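First, the structure itself, so that you have it in front of you.
The analysis underlying the following values was restricted to heavy atoms, covering all of them including side chains, and did not include hydrogens, waters or symmetry mates. Atoms within each ligand, like the ligands themselves, are counted from 1 in listed order. Being a predicted model, the structure only gives us computed values, none of them experimental.
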Amino acid sequence: MRVRRCAVLWLEPREVAHFELERLLAGDTGVVSRVQWFAHAPQLSAPVEIDADDAALLGSLSPTDWVPATPLREAHGAARVRNLLQAGLLVGSTKPWAAPRETDERFRGQYWHGLAATLHAASRWDGIDAAGEVEEAGLLTAEGLREAYGAPPPMLHECGDARARVDLPRAQRTALDDLLDARATCRNFDTEKPLPLAQLSQVLERAFAARGMVHGADDFDVLKKASPSGGALHPTECYLIARKVEGLAPGLYHYRPVDHALQPLPLDEAAVLANAGRHADAQGMDALEYLSWIAVGGQQWFADAPVLCVLAPRFVRNYWKYRNHPKAYRVCILDIGHLSQTFLLSATELGLGSYVTAAINEADLERAFGLTHWIDGPLAICGLGPRASTMQTYELDPNRRAWPR
Ligand SMILES: Cc1cc2nc3c(=O)[nH]c(=O)nc-3n(C[C@H](O)[C@H](O)[C@H](O)COP(=O)(O)O)c2cc1C
């Protein structure tokens, strides 16, 4: 057999700490820390704990050149080599290792930049009740944040010579100003009122539909949309969790930007509810309710939206052009920023509440929609629905445009 290292690998010397009561009783802090190696391979679902000898072995191998396994086994021990193969950190050339080798090869074919892939994989959440954690830490309010962290960096940035300042004329107000001013992140959805399908359809059309098409070359068509996209490649797909839309069966859907249609997707309740037992707040929720709640990290004020649009780029659509490029992942994220602003303004024009969040449980969403984080993993969610009549959760609307007095 021959082996090589997996395509991308980052070795992290992480300080890990645990508490020992005996040490506390002996008069010290009780906190014992040590440095532990973690191997980040972005095609895996989590980093792998390894020891210093594993790190040395992995660091000596090429990700491209295959070398015979026998000398490695002789030098480092057969068990060590086998463990690294089983973990997916080493790739083997023989039949027993075909499945992880194919994953590694497929990963190579996505043209990720190594550091971007590592960041992408390492920033995923799985079953995190972020809202609960923030509340417990007292960081839900401005006062709580100020108390915990002290004053934030100043609101305004001073630079250059103030005396040389050029005062600019104020623009004439137009309908666009009214629309921009009326947008406010909605944290108060009407939990009784369904969203009419026509309104959902209008927002989807403006945010995600093709508004034209250009034939660039053979087998290379590009879409024109209301938002810009790096390389005109429009890699972002929209998947919907629809719970309460008038005229649409509750369930999961994929939006088709050329047909302007919603394609139903299967709902695997067992996969969706995989983490439900961990959360007391989620007891009694059905699969779609739980998915909405865990999707937005336990933020009930966002889960209440009757529709959640999960935005997930097909990375290789962008990386096909920007191969192994250090900025390509940034471009995918920026694309989503543009799409979400178009979504929010389209919703605002209809008087609907909307939001965007990146505080999402990517792994739960990937299980629900059958996605793979390094192929088409989600980056953000936009929610949509009718606003409630009273504000229970804070919204930033100092000029009372979203919430008339
Ligand atoms: C990328 C992004 C992520 C956000 N994530 C959250 C979130 O997880 N929870 C939340 O309550 N608001 C979230 N927001 C909304 C911001 O808190 C909000 O934009 C900010 O308070 C300003 O208020 P405005 O949108 O009403 O102008 C997010 C906004 C952006 C752009």
Neighbouring residues of ligand 1, heavy-atom cut-off under 4.0 Å: R183, A184, T185, R187, Q299, W301, F302, V356, T357, A358, A359, L396
Please report whether the ring centroid of W112 lies less than 6.0 Å from that of Y319.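 Yes, the ring of Y319 comes within the 6.0 Å limit of the ring of W112, centre to centre.
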Would you give me the side-chain donor-acceptor pairs under 3.5 Å for residues 84-100, sequence neighbours excluded?
{"residue": "S93", "atom": "OG", "partner": "R2", "partner atom": "N", "Å": "2.9"}
{"residue": "S93", "atom": "OG", "partner": "R2", "partner atom": "O", "Å": "3.3"}

Would you call E205-R211 a salt bridge at under 4.0 Å N-O? no
Counting only heavy atoms not in R400, do more than 12 fall under 6.0 Å of its CZ? yes
Please output the side-chain donor-acceptor pairs of residues 349-358 that fall under 3.5 Å, not counting sequence neighbours, one pair per line with the distance.
{"residue": "E349", "atom": "OE1", "partner": "R206", "partner atom": "NH1", "Å": "2.5"}
{"residue": "Y355", "atom": "OH", "partner": "F302", "partner atom": "O", "Å": "3.0"}
{"residue": "T357", "atom": "OG1", "partner": "A359", "partner atom": "N", "Å": "2.9"}

Residues two or more places apart in sequence or in another chain: which of them pass salt bridge (charged side-chain N to carboxylate O under 4.0 Å, His left out) with D104?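 D104 satisfies salt bridge (charged side-chain N to carboxylate O under 4.0 Å, His left out) with R108 only.
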